Amino acid sequence: MSMPKIRSLRNQLVLALCVLASVVGVVQGVSSYQLSKAGMSALLDLRLEQVATRLYRAGLADSLPAIPARGSQPERDIVLTVWRDDIDSPYRSTEPTLALPRNAEAGFVTTDVGGESWRIYTLREPGMVVQVAQRSSVRHELAQARSLNTLWPMIVLVPLVWIAVALVVRRALRRLTRLGAQVQAIDMTHFDKLSTSGVPTEIRPFIVSINTMIERLAQSIEGERKFISDAAHELRTPLTALQLQADNLQPHIAPGNQERFRELQSGIRRSGRLIAQL
């Protein structure tokens, strides 16, 4: 059975925070984009309304050409049409080929005229109707061009946030890296407890548990050392006595048994050296 893959906590934190920052950045960017488009549309509407109001109040209707050249107005310009109650056809118009709806209600309306979508503002005053129109495609182009500028901060800031997240997480986990090195340094001769100074609150209980384990391990090792030392001491006395008895017995050993007796003495000396090492 294969062991489960161990993932880096740092990588998990960096990935999670970067995804979160990206989602927030995208949502913020889309919201700013939509708000900017709505704001630009409102400004364009205000422009249409101001032109119509100024045209009527300043009495500038008569300044418009009575018979303008057909198709001479650029497509991106607004179209002005002035109606008088006593005349069925437009009194003045900057684009006579465009038949704006004379009966449109006062205010703003978006409708198709001549196969194109137009945004029209109608100002109704006694004896006169003033209409100012602008192509919806031109409005969309202007609004989109301005709104796209709001996305640049998101495009620039999101990668910077990724870098900041990586640096912050790395710095926050640096203390854990040092603690890991201290844990790896623990061996039979090194039982120093881990310091809790500067450790995050969430990690402190874990460090306390490790220190408790280190203390128990040190006590266990010390108990084993004491047991081995005591056992070696207890074994040394009878083994020494056995060695003396063997030395005293050597003169009484028959010549034919001397070889076997020397093997016995060698075994006793090896046991003595082992106990001395313990």
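The shown structure was predicted, so the numbers you read here are calculated from the model rather than taken from an experiment.
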Return yes if some donor-acceptor pair links the side-chain N/O of Thr94 with the main-chain N/O of Leu80 below 3.5 Å, else return no.
-> yes
Is the number of heavy atoms from other residues, nucleotides or ligands within 6.0 Å of CZ (Arg102) greater than 12?
-> yes
Let me see the working for Glu263 and Arg260 under salt bridge (charged side-chain N to carboxylate O under 4.0 Å, His left out), right down to the final yes or no.
-> CA-CA 5 Å; Glu263 293 179 358; Arg260 297 177 63 187; over 6 Å; no
Step-by-step side-chain contact (heavy atoms from CB on, under 4.5 Å) determination, Arg47 to Leu43 = CA-CA 6 Å; Arg47 179 194 177 195; Leu43 288 176; over 6 Å; no
With distance as the sole test, does Ser220 use its side chain to make a donor-acceptor pair with the main-chain N or O of Arg216 at under 3.5 Å?
-> no
Of Val168, Val161, Val169, which is the lone residue that meets side chain to side chain contact (heavy atoms under 4.5 Å, CB included) with Leu17?
-> Val169
Nearest atoms (heavy-atom pairs only) where Val158 meets Ser22 = CG1-OG, 4.0 Å
To the nearest 0.5 Å, what is the distance between CD1 (Ile221) and NZ (Lys226)?
-> 15.5 Å
Report the C-alpha distance between Trp83 and Ile87 in whole Å, list the side-chain angles of each, state the deciding distance to 0.1 Å, and finish with yes or no for side-chain contact (heavy atoms from CB on, under 4.5 Å).
-> CA-CA 7 Å; Trp83 304 84; Ile87 302 176; over 6 Å; no
Distance in Å, Leu100 CG paired with Thr111 OG1, rounded so as to fall on 0.5 Å steps = 10.0 Å
Indicate yes or no for a side-chain donor-acceptor contact from Thr212 to the backbone of Val208 under 3.5 Å, with no hydrogens or angles considered.
-> yes
Leu15 reachable from Val23 in the ILVMFWY side-chain graph, under 4.5 Å edges | yes
Does the side chain of Met40 reach to within under 4.5 Å of the side chain of Gln144, using non-hydrogen atoms?
-> no
How many angstroms lie between atom NZ of Lys37 and atom OG of Ser41, to the nearest 0.5 angstrom?
-> 9.0 Å
Among the clusters formed by ILVMFWY side chains lying less than 4.5 Å apart, do Phe108 and Val82 turn up in the same one?
-> yes
Spell out, as yes or no, whether a donor-acceptor pair under 3.5 Å connects the side chain of Ser229 to the backbone of Arg225.
-> no
Taking side chain as C-beta onward, heavy atoms only, is Val113 less than 4.5 Å from Pro101?
-> yes
Quick one: CZ on Arg119 to CD1 on Ile78, what's the gap to the nearest 0.5 Å?
-> 14.0 Å
Compare all side-chain heavy atoms of Trp118 with those of Val79 and state whether any distance is below 4.5 angstrom.
-> yes
Run the side-chain contact (heavy atoms from CB on, under 4.5 Å) check on Ser136 and Thr110 step by step: do they pass?
-> CA-CA 8 Å; Ser136 297; Thr110 301; 4.0 Å; yes
Report yes if some heavy atom in the side chain of Leu123 is under 4.5 Å from a heavy atom in the side chain of Val129; otherwise report no.
-> no
Quick one: are Gln134 and Tyr121 in side-chain contact, heavy atoms under 4.5 Å?
-> no
Is the side chain of Thr53 donor-acceptor paired with the backbone N or O of Glu49 at a distance under 3.5 Å, no angle test?
-> yes
Between Thr81 and Gln131, is a side chain to side chain donor-acceptor pair (under 3.5 Å) present by the stated rule, with each step listed?
-> CA-CA 5 Å; Thr81 300; Gln131 291 184 309; 5.4 Å; no
In Å and rounded to the nearest 0.5 Å, what is the CZ to CG distance from Arg269 to Leu274?
-> 15.0 Å
pair Trp162-Val14: side-chain heavy atoms closer than 4.5 Å = no
State, with a plain yes or no, whether a side-chain heavy atom of Leu157 is found less than 4.5 Å away from one of Gln28.
-> no
Arg262 and Ser266: side-chain donor and acceptor closer than 3.5 Å?
-> no
Say you draw a straight line from CZ of Arg170 to CG of Leu13; how long is it, rounded to the nearest 0.5 Å?
-> 15.0 Å
When you look at CZ of Arg54, are more than 12 heavy atoms from neighbouring residues, nucleotides or ligands closer to it than 6.0 Å?
-> no
Cluster check Val24, Val30: I/L/V/M/F/W/Y, side chain < 4.5 angstrom | no
Is Asp85 close to Met128 at the side-chain level, that is, under 4.5 Å between some pair of heavy atoms?
-> no
Between Val156 and Leu160, which heavy-atom pair has the shortest distance, and what is it?
-> O-CG, 3.4 Å
Say whether, by atom type as modelled, one donor and one acceptor occur between the side chain of Arg124 and the main chain of Ala104 under 3.5 angstrom.
-> yes
So if you build clusters from Ile, Leu, Val, Met, Phe, Trp, Tyr with side-chain heavy-atom gaps below 4.5 Å, do Val51 and Tyr91 land together?
-> yes
